[in-house]
**Student:** 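The structure's right below; bear with me while I get my questions together.
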There are 2 protein chains.
Amino acid sequence: MESEVLEHPSVEEIDLVEVLKALSDPARLRLLAVMGDGDYHACRAEVYDLDLHKSTLSHHFKVMREAGVTMTRVTGRNRETRLRKEDLDARFPGLVDSLISGVTKEQTT
Amino acid sequence: MESEVLEHPSVEEIDLVEVLKALSDPARLRLLAVMGDGDYHACRAEVYDLDLHKSTLSHHFKVMREAGVTMTRVTGRNRETRLRKEDLDARFPGLVDSLISGVTKEQTT
DNA sequence: AGTACTGTTTGATGGAAGTCATACCGTTGA
DNA sequence: TCAACGGTATGACTTCCATCAAACAGTACT
């Protein structure tokens with residue numbers, strides 16, 4: 001089973017404004033909360049407990065990926081996404097951790 | 001000289017999405033960078049090295065204030081704004097520090 | 001009183017963004 | 001081969017937002 005990787009910005013290209021813009025949305029903040037464990041997750045709405053059209057969800061994943069927040073790999077007809085925690089930590093130390101703890105506190109996942 | 005204080009959200013009312021939305025803008029991230037010292041700053045464009053119309057700047061300050069990011073007091077015909085660092089730290093520990101160090105790194109203030 | 005000053009409010013405008021629906025594409029598996 | 005599946009791309013719609021300009025409001029100072 002081959003695993004292909006999509007286009008992602010490099011660590012240096014990750015821009016703070018774009019990261020914040022990507023995360024300043026309830027749905028995408030929810031994605032962050034679930035992906036906080038660093039593992040890969042399927043891109044289905046149930047995984048994130050979101051009631052959104054699949055094209056809308058696809059849009060959100062694209063925004064997250066292009067901002068450098070997430071990494072998506074393609075396996076067959078499935079896609080899996082995980083948080084780029086190490087890269088974000090390298091670029092903005094402490095940011096992701098504080099966001100995750102903040103969002104989980106609010107959402108009481 | 002009297003000092004009046006405007007309406008601000010309480011600590012509990014500070015919402016993460018609103019905070020991130022407030023900060024996901026280059027101009028307002030610039031405001032954060034300057035206000036990072038926690039002191040009061042006049043609301044003039046030169047202070048922040050921003051080339052924006054005064055009404056635009058006023059708008060940005062309003063967004064920041066209503067999101068709970070900043071505190072503004074009125075003294076005579078002047079306004080001074082400072083970061084609500086303690087409140088933000090209490091609500092989202094570590095967030096402000098990581099943002100400030102991130103933005104100063106990018107902007108090389 | 002009147003003028004200068006600081007900043008807000010309102011309105012207009014152009015652009016960006018979230019959502020959905022539909023059509024489409026590559027993969028899987030019967 | 002072909003239908004089902006997972007997900008994307010495009011288009012439409014609506015709302016939101018950053019910006020400026022002009023008018024306004026309160027304060028300070030002469």
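Numbered from 1 within each chain, the chains take letters A, B, ... in sequence-line order. No hydrogens, no waters, no symmetry mates; every other heavy atom, side chains included, goes into these values.
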**Student:** CD of Glu7(B): more than 12 outside heavy atoms within 6.0 angstrom?
**Tutor:**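 Incorrect, the count does not exceed 12.
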**Student:** Between dA17(C) atom P and Lys62(A) atom NZ, what is the distance in whole Å?
**Tutor:**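 Distance check: Lys62(A) NZ to dA17(C) P gives 12 Å.
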**Student:** Measure the shortest side-chain to side-chain distance between Leu29(A) and Leu32(A) over non-hydrogen atoms and say whether it is less than 4.5 angstrom.
**Tutor:**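 SC-SC contact between Leu29(A) and Leu32(A) confirmed.
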**Student:** What heavy-atom pair brings Met71(A) and His8(A) nearest, and what distance separates the two atoms?
**Tutor:** CA-NE2, 3.4 Å
**Student:** Rounded to the Å, how far apart are Glu66(B) CD and dT8(C) C1'?
**Tutor:**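 Glu66(B) atom CD is separated from dT8(C) atom C1' by 12 Å.
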**Student:** Whole angstroms only, please: what is the NZ-P distance between Lys54(B) and dT9(C)?
**Tutor:** 13 Å
**Student:** Atom CE of Met64(B) and atom C1' of dA18(D): how far apart are they, to the nearest Å?
**Tutor:** 15 Å
**Student:** May I ask you to test the Phe92(A)-Ser98(B) pair for a side-chain heavy-atom distance under 4.5 Å?
**Tutor:** no
**Student:** Rounded off to whole Å, could you give me the CG-to-C1' distance for the Leu6(B) and dA25(D) pair?
**Tutor:** 14 Å
**Student:** What residues in residues 38-48 of chain A put a non-hydrogen atom under 4.0 Å from any atom of DNA chain D?
**Tutor:** Cys43(A), Arg44(A)
**Student:** A side-chain contact here means heavy atoms from C-beta on lying under 4.5 Å apart; do Cys43(B) and His60(B) qualify?
**Tutor:**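 No - every pair of side-chain heavy atoms lies 4.5 Å or more apart.
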**Student:** Can you tell which of dG7(C), dG6(D), dC20(D) lies closest to the side chain of Asn78(A)?
**Tutor:**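 Shortest atom-to-atom distance from the side chain points to dG6(D).
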**Student:** Report yes or no: does Ser101(A) contribute a side-chain atom to a donor-acceptor pair with the main-chain N or O of Asp97(A) at less than 3.5 Å?
**Tutor:**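 Such a contact is found between Ser101(A) side chain and Asp97(A) backbone.
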**Student:** Nearest heavy atom decides the nucleotide; on that basis, is Leu57(B) or Val63(A) closer to the 5' end of DNA chain C?
**Tutor:**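 Mapping each residue to its closest nucleotide by heavy atoms, the 5'-most match is Leu57(B).
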**Student:** Examine dC20(D): is either OP1 or OP2 under 4.0 Å from a nitrogen or oxygen in the side chain of Thr56(B)? Give yes or no.
**Tutor:** yes
**Student:** Looking only at N and O atoms, is any donor in the side chain of Arg77(A) or the base of dT27(C) less than 3.5 Å from an acceptor on the other one?
**Tutor:** yes
**Student:** Can any side-chain N or O of Arg79(A) pair as donor or acceptor with the backbone N or O of Ala42(A) at less than 3.5 Å?
**Tutor:** no
**Student:** Scan for ring-ring contact (aromatic ring centres under 6.0 Å, His included) pairs involving residues 9-44 of chain B, sequence neighbours excluded, and state none if there are none.
**Tutor:** none
**Student:** For DNA chain C, which residues of residues 13-25 of chain B approach it to below 4.0 angstrom with any heavy atom?
**Tutor:** none
**Student:** Look at the side chain of Ser55(A) and decide which nucleotide, out of dG18(C), dA18(D), dA21(C), has an atom nearest to it.
**Tutor:** dA21(C)
**Student:** Would you please confirm or rule out a distance under 4.0 Å between OP1 or OP2 of dG7(C) and any side-chain N or O of His53(B)?
**Tutor:**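 It does not, given that no N or O in the side chain of His53(B) lies less than 4.0 Å from OP1 or OP2 of dG7(C).
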**Student:** Rounded off to whole Å, could you give me the CZ-to-P distance for the Arg79(B) and dA28(D) pair?
**Tutor:**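 From Arg79(B) CZ to dA28(D) P: 13 Å.
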**Student:** Work out which heavy atom in Leu57(B) is nearest to a heavy atom in Arg44(B); give both atom names and the distance.
**Tutor:** CD2-C, 3.8 Å
**Student:** Once you round it to whole Å, what is the distance between P of dA9(D) and NE2 of His60(A)?
**Tutor:**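 Atom-to-atom, His60(A) to dA9(D), this comes out as 15 Å.
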**Student:** If only side-chain N and O atoms of Ser58(A) are considered, is one of them under 4.0 Å from the OP1 or OP2 phosphate oxygen of dT8(D)?
**Tutor:**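 Checking Ser58(A) against dT8(D): at least one side-chain N or O falls below 4.0 Å of OP1 or OP2.
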**Student:** Rounded to the nearest angstrom, tell me the gap between atom CZ in Arg65(A) and atom C1' in dA9(D).
**Tutor:**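 The distance from CZ of Arg65(A) to C1' of dA9(D) comes to 12 Å, rounded to the nearest Å.
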**Student:** Look at His59(B) and dT10(C) and indicate whether a side-chain polar atom (N or O) is within less than 4.0 Å of OP1 or OP2.
**Tutor:**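 Indeed not, no polar side-chain atom of His59(B) lies that close.
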**Student:** Would you mind telling me which of dC20(D), dT19(C), dG7(D) lies closest to the side-chain atoms of Leu52(B)?
**Tutor:**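 Nearest to the side chain of Leu52(B) among the choices is dC20(D).
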**Student:** Please assess Thr70(A) against Thr81(A) for the test side chain to side chain donor-acceptor pair (under 3.5 Å), listing each intermediate value before the final yes or no.
**Tutor:** CA-CA 6 Å; Thr70(A) 59; Thr81(A) 298; 5.4 Å; no
